[in-house]
There are 2 protein chains.
Amino acid sequence: MPPKANPRSSEIPTPKGEEPGSPAQRDRRKRIIDATLALAASGGYNAVQMRAVADKAEVALGTLYRYFPSKVHLLVAGLAREFQQTRDKLERTTIPGETPADRLVFVLGKTTRALQRDPHLTEAMVRAFMFADTTAAAEVELVGGLMEDMFATAMGKQEPTEHDRAIFHLIADVWMANLIAWVSRRASASDVHQRLELSVRLLINGTSS
Amino acid sequence: MPPKANPRSSEIPTPKGEEPGSPAQRDRRKRIIDATLALAASGGYNAVQMRAVADKAEVALGTLYRYFPSKVHLLVAGLAREFQQTRDKLERTTIPGETPADRLVFVLGKTTRALQRDPHLTEAMVRAFMFADTTAAAEVELVGGLMEDMFATAMGKQEPTEHDRAIFHLIADVWMANLIAWVSRRASASDVHQRLELSVRLLINGTSS
DNA sequence: CCATGCACTATAACATGTTCTAGTATTGTG
DNA sequence: CACAATACTAGAACATGTTATAGTGCATGG
């Protein structure tokens, strides 16, 4: 990871709420993320090479860097897009399970299995997420917010309390740490599922609400 | 992170139990890790440049790579050495606290504060730990084992059960995830301490033993 | 319509992780 | 001690993330 960050003059605002920029720009941004995820799916983190992304997205390298100031930004933005989709799908679904904890376990299990169906893609996105430095903090927090949304939806909490959010945060930490362990072959899929279930059971208990 | 791994012919065995190699080799290995940690302390992950490490350790670049096949291996080995020291110190200490959970919270708090006293060093080691790929799985597991040891010592469990170990694992996940959040300025020191305390309280309850 | 500014392209240049090569030193073994 | 094997050194070479430069085209305000 050679030189430092890239303080450009004219900023491309991160999509916050509605999509910014001209239609052509939105299209370029989409093509870039499409290319990123396609390369990630085929060969993981190492296969996401900036020149390859630019080529596949049919933009110049400089344009790629104008939209995403680093490889990590790119991959975390990709993860955000994926999680947005997952969250939106969740919100249109009925989640099975007796208790809120059951439903959360169900959602975590289902999402984890979906991620595990594409190991390279997951490896690329999750490693970037964990590796992100301060310059990508905003993108990482976006993803964190999406995880919170998903958990809140799963548990049917419209407006979670501070305490709920603290618990969600812990579960998100455990989730991501286990995905990292899984992509680096230090944990099996069943290890991951067991640990997730255990942590939900323990963390959602002891909770007052 | 350019090319791929480095499959050398003659292996340098990872120190497992007793130190391997000739005295000169042990000395080189020590110099290399010293240089790594010094550079990390001064400028974090980015300041740990392989040429700089080799220079400071007074070995050739090729030798550096013979001892540690990548920058990540190097930094994770550094973290392992630091944690070994922490663990050994712990084992010679009396840990205050009424309950095992209290003592674990104490140890986590104290160790975390120590890490936070050297933000650059911590940033370098923890990011490498999280970024590690399959080729560094062994080193990462070493660190994981050290964390388990520390937690077991803190709680006074000579031979933890499978369940204990599962809990330790979850706490280690939360710990590392929060350190990552702290080094990327997404969490304050007090956020980290609060979350650690909360997770210990909740995870050590609900536990049968 | 024209001038100005800005986004984009192509491409080179640079920084740093990693690998390779040739030669030299060291170490272990008969 | 002599030899063979292994380890080390210096340095070049290569791969890929990142930055910089020069030119082109398009859109917008006058």
Side-chain angles (χ1 to χ4, degrees), chain A residues 1-13 20-29 31-32 36 39-40 43-76 124 127-128 131-133 135-136, chain B residues 1-13 20-29 31-32 36 39-40 43-76 124 127-128 131-133 135-136:
Chain A
M1 236 126 278
K4 332 199 59 175
N6 181 5
R8 293 279 177 172
S9 44
S10 52
E11 280 309 322
I12 308 293
S22 71
Q25 284 172 332
R26 263 177 282 122
D27 185 58
R28 273 192 206 95
R29 187 171 202 281
R31 287 207 314 273
I32 290 172
T36 301
L39 287 165
Y45 188 87
N46 292 325
V48 179
Q49 302 190 352
M50 300 307 271
R51 292 172 182 81
V53 171
D55 282 359
K56 181 167 268 225
E58 297 183 291
V59 299
L61 191 56
T63 304
L64 172 55
Y65 274 96
R66 170 190 287 278
Y67 280 73
F68 297 96
S70 81
K71 174 168 170 172
V72 163
H73 285 77
L74 191 52
L75 280 163
V76 177
R127 284 182 67 206
F131 189 59
D133 65 3
T135 71
Chain B
M1 238 126 278
K4 331 199 61 175
N6 181 4
R8 293 279 179 172
S9 44
S10 50
E11 280 308 322
I12 307 292
S22 72
Q25 284 172 331
R26 263 178 281 121
D27 185 58
R28 273 193 206 95
R29 188 171 202 280
R31 288 206 314 275
I32 290 172
T36 301
L39 288 165
Y45 188 88
N46 292 326
V48 179
Q49 302 190 352
M50 300 306 270
R51 291 171 182 81
V53 171
D55 283 358
K56 181 167 266 224
E58 297 183 291
V59 298
L61 191 55
T63 303
L64 173 55
Y65 274 95
R66 170 189 288 277
Y67 280 73
F68 298 96
S70 82
K71 174 168 170 173
V72 162
H73 285 77
L74 192 51
L75 281 163
V76 176
R127 284 182 67 207
F131 189 57
D133 64 4
T135 72

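Values below: every heavy atom of this structure, side chains too, minus hydrogens, waters and symmetry copies. Just so we're clear, the structure is a prediction, and the values are computed from it rather than from any experiment.
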Notebook entry, point to check: Within this structure, what is the CG-to-P distance between B:Asp27 and D:dC8, rounded to whole angstrom?
Noted result: 11 Å
Note to self: In whole Å, I'd like the distance from the CD atom of A:Gln25 to the P atom of C:dA7.
What the structure shows: 7 Å
Note to self: Over all strands shown, is A:Ser70 touching base, sugar-phosphate only, or nothing at heavy-atom distances under 4.0 angstrom?
What the structure shows: sugar-phosphate
Next item on the list: Name every residue in residues 51-59 of chain B that has at least one heavy atom under 4.0 Å from any atom of DNA chain C, in order of residue number, or write none if there are no such residues.
Entry: B:Arg51
Check: In whole angstroms, how far is the C1' atom of C:dG17 from the CG atom of B:Leu75?
Finding: 13 Å
Next item on the list: Test the A:Lys71-A:Phe131 pair against the cation-pi criterion, namely NZ or CZ under 6.0 angstrom from the six-membered ring centroid and within 45° of the ring axis.
Entry: no
Item checked: B:Leu61, nearest nucleotide to its side chain (from D:dA12, C:dC8, D:dT9) -> D:dA12
Margin query: How many whole angstroms separate atom CZ of B:Phe68 from atom P of C:dG17?
Written below: 16 Å
Check: Quick one: which of D:dC8, D:dT18, D:dT9 gets closest to the side chain of A:Lys71?
Finding: D:dT18
Check: To the nearest Å, how far apart are A:Met50 CE and C:dA15 P?
Finding: 19 Å
Margin query: Test of understanding: with side-chain hydrogen bond (donor to acceptor under 3.5 Å, both in side chains), list the residues that count as partners of A:Arg31, not counting sequence neighbours.
Written below: A:Asp27
Next item on the list: With sequence neighbours left out, write down each residue that passes side chain to side chain contact (heavy atoms under 4.5 Å, CB included) with B:Ala40, or none if nothing qualifies.
Entry: B:Val48, B:Leu75, B:Leu121, B:Ala124
Next item on the list: Please list, chain by chain and in numerical order, all residues satisfying side chain to side chain contact (heavy atoms under 4.5 Å, CB included) with B:Ala52, sequence neighbours excluded.
Entry: B:Leu39, B:Gln49
Next item on the list: Assign each of A:Arg28 and B:Gln49 to its nearest nucleotide of DNA chain C by heavy atoms, then name whichever residue's nucleotide is nearer the 5' end.
Entry: A:Arg28
Check: In whole Å, what is the span from the OH atom of B:Tyr67 to the P atom of D:dT6?
Finding: 15 Å
Next item on the list: Could you pull out all residues at least two apart from A:Arg51 that satisfy side chain to side chain contact (heavy atoms under 4.5 Å, CB included)?
Entry: A:Leu61
Margin query: I'd like to check B:Thr135 versus B:Val72 (side-chain heavy atoms, cut-off strictly below 4.5 Å). Are they in contact?
Written below: no
Check: Taking CZ from B:Arg66 and C1' from C:dT18, how many angstroms apart are they, rounded to a whole number?
Finding: 15 Å
Note to self: My understanding is that only residues two or more places apart in sequence, or in another chain, count here; which of them pass side-chain hydrogen bond (donor to acceptor under 3.5 Å, both in side chains) with B:Ser70?
What the structure shows: B:His73
Item checked: Interatomic distance where CG belongs to A:Leu74 and P belongs to D:dT18 [whole Å] -> 10 Å
Next item on the list: Respond yes when some side-chain nitrogen or oxygen of B:Tyr65 is under 4.0 Å from OP1 or OP2 of C:dC20, and no when none is.
Entry: no
